[in-house]
Amino acid sequence: MKIVNGFDLFAYAKKKDLLLPAFNTTNLEMTKAIILGLNDAHLPGFIQISSNNLRLSDPEIIADLVRDFLENTETPIGLHLDHGKSFEDVKRCVDAGFTSVMVDASEYGFEDNIRAVRRAAEYCHFYHIPVEAELGAIRGKEDDNCSEADCKTDPALVAEFADRSGCDTLAVSIGNVHGLEEAPKIDLPLLKEIAEVSPVPLVLHGGSGISFELIRNMKTYKMLKINYGSDLRQAYIKTFGKAYEVNHKEADLYGLSMKAVKNVRQTACDLVRIINGFEEG
């Protein structure tokens, strides 16, 4: 299986009435585990990596890893740039073979946000690559960035923003938070308002910590993609932490890495199944 184009993945999910998880990766082990987990579940999704994490794993390396690990799979999986912080990151990821990108210019004013997304969209659409944008501000910790902003998406701005920016999906702020250090307080009536006026499908960042029943209900309101990072990262990190607690002289890096892959694989499999109404694998 090749890396699936983002537009094709969206169309497939809509046809099958599925929510697409987008699982954050950082390295080889996480990337392999996510692909194996999605393939175990026989359900589609995205592997994604943020601009911050690309400081450890550049676009070309991640794209090569994904292509390699997908060789023996049958499940539709796309490769997405999460929280792209510059046009240069967007261009490099598209050139490397990413099949979807997000431009995160939500920290800027409305007009500057539109300009940044529009520039990326003009480049990406030439290569038939969808662009995700963000309108509003999401609290919490994303990688090493901590945001205190709490500006929910204004429904009155959604249609104009989507039309002028050229975005293909829109990440919204409805009380969701990044990370697990703060509790999300989802405003479902606000999501309903946004869905009524949005010309594009919606994306939820910070899926970790939100009840699965609520996640499944969001599909009614144009929600198409749900981002998960903390759940998988905890599954990975806890593997090493527990081993060290048992034995402070533990040094079996290969063995623990393979166990971490197994734990993340199961977590990814369970999450994609649960959010789509199936039992855990």
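Residues take their numbers from the sequence shown, with the count starting at 1.
Placement of V117 and I114 within a single hydrophobic cluster is found when ILVMFWY residues are connected by side-chain heavy-atom separations under 4.5 Å, directly or transitively. Connection of F110 to M102 is not established within any shared hydrophobic cluster, with ILVMFWY side chains joined at heavy-atom distances below 4.5 Å, either directly or through further cluster members. Cluster membership check: V203 does not share its hydrophobic cluster with F161, using side-chain heavy-atom separations under 4.5 Å among Ile, Leu, Val, Met, Phe, Trp and Tyr. Placement of L9 and Y228 in two distinct hydrophobic clusters is found when ILVMFWY residues are connected by side-chain heavy-atom separations under 4.5 Å, directly or transitively. I174 and L224 end up in different hydrophobic clusters when Ile, Leu, Val, Met, Phe, Trp and Tyr side chains are linked at under 4.5 Å.
With hydrogens and angles left out, the side-chain atoms of E213 and N217 include no donor and acceptor closer than 3.5 Å. Inspection of the T239 and N263 side chains reveals an N or O donor paired with an N or O acceptor under 3.5 Å. Inspection of the D95 and Y123 side chains reveals an N or O donor paired with an N or O acceptor under 3.5 Å. Side-chain contact check for S51 and D89: at least one donor-acceptor pair (N or O, by modelled atom type) lies under 3.5 Å.
In this structure the side chain of I77 never reaches within 4.5 angstrom of the side chain of M1, judged on heavy atoms. Within the 4.5 Å cutoff, the side chain of D252 has heavy atoms near those of the Y254 side chain. Contact annotation: the side chain of L232 approaches that of L271 to within less than 4.5 Å [non-hydrogen atoms, C-beta and beyond]. Between H42 and R273 there is no side-chain heavy-atom pair separated by less than 4.5 Å. Using a 4.5 Å cut-off on side-chain heavy atoms (C-beta onward), P44 and L18 make contact. The closest side-chain heavy-atom distance from N113 to S165 is not below 4.5 Å. Using a 4.5 Å cut-off on side-chain heavy atoms (C-beta onward), Y12 and L20 make no contact. Side-chain atoms of V103 and V90, non-hydrogen and from C-beta on, do get closer than 4.5 Å to each other.
With rounding to the nearest 0.5 Å, the separation of CZ in R164 from CZ in R115 is 8.5 Å. Interatomic distance, CD1 of I49 versus CG of D82, reported as 9.5 Å (0.5 Å rounding). Taken to the nearest 0.5 Å, the CE atom of M30 stands 12.5 Å off from the OG atom of S257. To the nearest 0.5 Å, atom CZ of residue R216 and atom CD1 of residue I274 are 8.0 Å apart. From L28, atom CG reaches atom CG of D68 across 8.5 Å, with rounding to the nearest 0.5 Å. Note that the CE atom of M223 and the NZ atom of K219 stand 12.5 Å from one another [nearest 0.5 Å].
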Applying side chain to side chain contact (heavy atoms under 4.5 Å, CB included), run through F240 and L253 and close with a yes or a no.
CA-CA 9 Å; F240 294 88; L253 183 58; 4.0 Å; yes
Could you walk me through whether S50 and N52 pass the side-chain hydrogen bond (donor to acceptor under 3.5 Å, both in side chains) test, one step at a time?
CA-CA 5 Å; S50 68; N52 282 326; 4.9 Å; no
Under the side chain to side chain contact (heavy atoms under 4.5 Å, CB included) rule, what do L204 and K225 come out as? Steps first, then yes or no, please.
CA-CA 6 Å; L204 188 77; K225 174 174 171 279; over 6 Å; no
I would like to know whether L38 and V272 meet side chain to side chain contact (heavy atoms under 4.5 Å, CB included); could you show each step before the answer?
CA-CA 7 Å; L38 288 169; V272 67; 4.1 Å; yes
Determine, step by step, whether N227 and Q48 satisfy the side chain to side chain contact (heavy atoms under 4.5 Å, CB included) criterion, reporting the C-alpha distance in whole Å, the side-chain angles of both residues, the deciding distance to 0.1 Å, and the verdict.
CA-CA 9 Å; N227 288 13; Q48 63 181 18; 3.2 Å; yes
Salt bridge (Lys or Arg N to Asp or Glu O under 4.0 Å) between K238 and E245: does it pass, once the steps are laid out?
CA-CA 10 Å; K238 282 181 178 179; E245 288 176 2; over 6 Å; no
Using the rule given for side-chain hydrogen bond (donor to acceptor under 3.5 Å, both in side chains), can you reason through S208 versus D231, listing the C-alpha separation, both sets of side-chain angles and the distance that settles it, and then say yes or no?
CA-CA 6 Å; S208 300; D231 285 329; 3.1 Å; yes
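Atom CZ of F87 sits in a crowded spot, with more than 12 heavy atoms from other residues, nucleotides or ligands closer than 6.0 Å. Crowding of E74 atom CD: a count of heavy atoms from other residues, nucleotides or ligands under 6.0 Å not exceeding 12. The number of heavy-atom neighbours closer than 6.0 Å to NZ of K222, taken from other residues, nucleotides and ligands shown, is above 12.
Looking at N27, T25, T26 one by one, the single match for side chain to side chain contact (heavy atoms under 4.5 Å, CB included) with E29 turns out to be N27. Residue N39 forms a side chain to side chain donor-acceptor pair (under 3.5 Å) with just one option from N72, T73, T75, and that option is T75. The residue from I275, I226, L43 that alone fulfils the side chain to side chain contact (heavy atoms under 4.5 Å, CB included) condition with P21 is I275.
A donor-acceptor contact shorter than 3.5 Å is absent between the side chain of D64 and the backbone of V66. Of the possible polar contacts, none joining the T99 side chain to the I3 backbone as a donor-acceptor pair under 3.5 Å is found. Remark: the backbone N or O of F278 is not paired with any side-chain donor or acceptor of N276 at under 3.5 angstrom. Between the side chain of N5 and the backbone N or O of H128 there is at least one donor-acceptor pair closer than 3.5 Å.
A salt bridge is defined here as a Lys NZ or Arg NE, NH1 or NH2 lying under 4.0 Å from an Asp or Glu carboxylate O, and E71 with K2 fails to meet this definition.
Between H205 and H83, the two ring planes are perpendicular [angle over 60°; tilted spans 30° to 60°].
Across all non-hydrogen atoms, the minimal contact from I129 to V101 is CG2-N, 4.3 Å. The two atoms that bring A235 and T267 nearest to each other are CB-OG1, 3.5 Å, heavy atoms only. Taking every heavy atom of both residues into account, H80 and S100 meet most closely at ND1-OG, 2.8 Å. Residues A268 and G37 come closest through the heavy atom pair CB-CA, 4.3 Å. Residues I210 and G206 approach most closely at CD1-O, 3.4 Å, considering heavy atoms. Of all heavy-atom pairs spanning A243 and L256, the tightest one is CB-CD2, 3.5 Å.
Between F98 and F46, the ring center distance fails the sub-6.0 Å criterion.
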Name each donor-acceptor pair under 3.5 Å that joins a side chain in residues 183-201 to protein atoms two or more places apart or in another chain, with its distance.
unit_1: D187; atom_1: OD1; unit_2: L190; atom_2: N; d: 3.1
unit_1: K192; atom_1: NZ; unit_2: E196; atom_2: OE2; d: 2.7
unit_1: S198; atom_1: OG; unit_2: V200; atom_2: N; d: 3.3
unit_1: S198; atom_1: OG; unit_2: V200; atom_2: O; d: 2.7

